[in-house]
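Note that ligands are numbered from 1 as they come in the structure, with each ligand's atoms numbered from 1 the same way. Side chains included, hydrogens not; waters and symmetry mates left out as well; all remaining heavy atoms used. All values reported here derive from a predicted model rather than from experimental measurement.
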Amino acid sequence: MAVRRFAEMTWEEVRDLDPAKVIAILPVGATEAHGPHLPLSTDVIISEAMARAGGEKLAADGYEVLLLPSLAFTPAKFAGGFPGTVSLSPATASAVIVEIAQGLAAHGIHRVVLANSHFDPANIESLYAAVKMCEAEGIAELIYPDLTRKPWALRLTNEFRSGACHAGQFEGSIVMAERPDLVDDEVRTGLEPNPVSLSQAIREGKQSFEEAGGDRAYFGIPAAATADEGRRTVAELGAILAEAVAEALDR
Ligand SMILES: [Zn+2]
């Protein structure tokens, strides 16, 4: 089976899909500040890479995989103080996802995987709310592997698990692998490490990158990023996505 870009198909091709074999993947990113060296679209790039890598595995297992157009505007409260960040409310974001699922389900596409790499708590909240709504109203099955939780988090890099992970080594590596043209390497290699854990700052009630101690909108070690690490991480993210689907369908 193939991985297809949904938006590039014709309506007749969509009509002729076998509903039992179809899995749609919705990459969920953000439009938000990612340090002085990475683009606003960093999380979109990462989620699209995860969707592609996971989609290839699912296609090899016999599924008809549809890569949906990405969700690039989502809740991004933590980065809200930085120019370029565009943040939706969680209620708006979950409504958008639910209505996308409704639109797909109306034409026989009932399984949607959320490939998310944007860990603002307001975004994660909106994803869980969308999953719940779709389940409660029988709209569709949304499969959401939350990378911030076990078992998935344990399979990602040390920096990721430390929580000092926004525009640092983890994310920078993936953008270097996927879109090196969008990385300002001169700035990146000159950045001092910022080992503040965002997940801990969130638990302490901090509400923004500035409050958490990231006055240039990055956490972690940008200078340590490599394209090689990025390729390994993308492969792992793809494996996680495919395993999450297999588990959900087993249930
Ligand atoms: Zn990010």
Side-chain angles (χ1 to χ4, degrees), residues 26-53 70-88 90 93 114-127 144-149 152-153 156-180 182-184 187-188 191 193-202 206 208-210 212-227 229-230 233-234 236-237 240-241:
L26 178 66
V28 179
T31 301
E32 71 165 356
H34 273 84
H37 60 303
L38 294 178
L40 302 173
S41 62
T42 290
D43 293 348
V44 177
I45 292 166
I46 296 171
S47 295
E48 286 179 351
M50 177 182 186
R52 186 193 65 232
S70 303
L71 207 56
F73 293 108
T74 54
K77 227 172 66 183
F78 266 75
F82 295 87
T85 299
V86 178
S87 181
L88 304 186
L114 304 175
N116 176 58
S117 66
H118 171 48
F119 309 116
D120 188 303
N123 185 53
I124 291 178
E125 176 196 325
S126 81
L127 298 180
Y144 169 39
D146 181 351
L147 299 175
T148 67
R149 293 203 184 165
W152 313 125
L156 298 173
T157 66
N158 287 336
E159 184 193 82
F160 182 90
R161 284 179 282 127
S162 79
C165 177
H166 177 84
Q169 180 176 351
F170 177 87
E171 293 195 325
S173 293
I174 299 172
V175 182
M176 286 168 75
E178 293 285 319
R179 289 296 305 272
L182 296 181
V183 181
D184 188 329
V187 172
R188 179 183 72 80
L191 291 172
N194 180 13
V196 170
S197 169
L198 262 176
S199 33
Q200 195 179 326
I202 290 164
K206 310 271 166 65
S208 66
F209 286 161
E210 297 93 324
D215 61 358
R216 291 186 83 191
Y218 77 86
F219 297 82
I221 313 175
T226 65
E229 177 183 314
T233 301
V234 167
E236 195 61 40
L237 292 173
I240 288 172
L241 186 147

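- Ring geometry, H166 versus F209: the interplanar angle falls from 30° to 60°, so the pair is classed tilted.
- D184 and H37 are not linked by any side-chain donor-acceptor pair at a separation below 3.5 angstrom, with hydrogens and angles left out of the test.
- Donor-acceptor pairing under 3.5 Å is lacking for the side chains of S162 and S197.
- Among the atoms of H34, an N, O or S atom falls under 2.8 Å of the Zn ion (ligand 1).
- Angle subtended at the Zn ion (ligand 1) by E171 OE1 and D43 OD2: 170°, rounded to 10 degrees.
- Ring pair F219/F78: centre-to-centre distance not below 6.0 Å.
- Distances from the Zn ion (ligand 1) show that E32 has no N/O/S atom below 2.8 Å.
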